[in-house]
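Data first, discussion second: the structure below is written as structure tokens.
Computed from a predicted structure; not experimentally measured. Every heavy atom of this structure was used, including side-chain atoms; hydrogens, water molecules and symmetry mates were not.
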Amino acid sequence: MTQRKQVGFDKVEMTSNPTSPGTSPSDGSPISPQSPPRTLNLPRTRDRSPSPMRGHLIPSPLPTRRTRTFSATVRASEGPVYKGVCKCFSRSKGHGFITPVDGGPDIFLHISDIEGEYVPAEGDEVTYKVCTVPPKNEKHQAVEVKITHLAPGSKHETWSGHIITS
């Protein structure tokens with residue numbers, strides 16, 4: 001006899017009382033007392049309210065290289081080159097910040113605007129150009145970011161996942 005026990009929202013634990021000791025009546029496979037209970041993944045069957053936006057992705061407010069307008073790209077590429085130090089960067093989140101060498105507020109850095117083979121790490125010296133962030137164009141974002149000097153004594157990762165110690 002098979003019993004079902006609700007383990008989580010979408011998981012059910014199956015336990016069985018075998019008719020003969022050491023076997024399961026359904027498939028005949030041996031069951032040991034040490035083996036973990038079987039789990040059955042069931043699809044979620046929760047009623048949801050109808051939404052006109054269901055199935056549509058909400059666009060990100062941050063312009064990436066792919067979504068930036070041509071005119072914004074031209075303005076950024078014609079602008080001056082600045083120097084800074086990578087304050088932080090999260091590859092999993094896809095963004096980080098640069099502290100300008102000449103002072104001022106930190107500049108946002110998106111993963112799509114990094115050029116080169118290394119993932120930026122804290123303390124890396126970088127050069128970059130600046131582009132404004134819509135809709136109000138009050139904040140700035142670093143574009144065409146290039147690592148000029150790797151931070152000494154730290155591990156650096158390439159985009160392909162190789163770790164290099166500098």
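Two residues are said to be in side-chain contact when any heavy atoms from C-beta on lie closer than 4.5 Å; Pro120 and Val145 fail this criterion. Looking only at side-chain heavy atoms (C-beta outward), Lys83 and Tyr128 stay at 4.5 Å or farther from each other. Using a 4.5 Å cut-off on side-chain heavy atoms (C-beta onward), Val126 and Tyr82 make no contact. Within the 4.5 Å cutoff, the side chain of Phe89 has heavy atoms near those of the Val119 side chain. Between Leu109 and His95, the closest side-chain pair of non-hydrogen atoms is not below 4.5 Å.
Between the side chain of Arg91 and the backbone N or O of Glu157, no donor-acceptor pair lies under 3.5 Å. Using modelled atom types, one side-chain atom of Asp124 and one backbone atom of Ala151 make a donor-acceptor pair closer than 3.5 Å. With hydrogens and angles ignored, the 3.5 Å screen pairs no side-chain donor or acceptor of Thr99 with any backbone N or O of Lys87.
Scanning all heavy atoms of the two residues, the minimum distance from Ile98 to Ala142 falls at CD1-CB, 3.8 Å.
Here the CD-SG distance, from Glu144 to Cys131, works out to 10.0 Å after rounding to the nearest 0.5 Å.
Grouping the Ile, Leu, Val, Met, Phe, Trp and Tyr side chains by contacts below 4.5 angstrom, directly or via other members, places Trp159 with Ile147. Under the 4.5 Å side-chain heavy-atom criterion for ILVMFWY residues, no single connected hydrophobic cluster contains both Ile111 and Val85.
Remark: aromatic rings of His140 and Phe108 are distant, center separation not under 6.0 Å.
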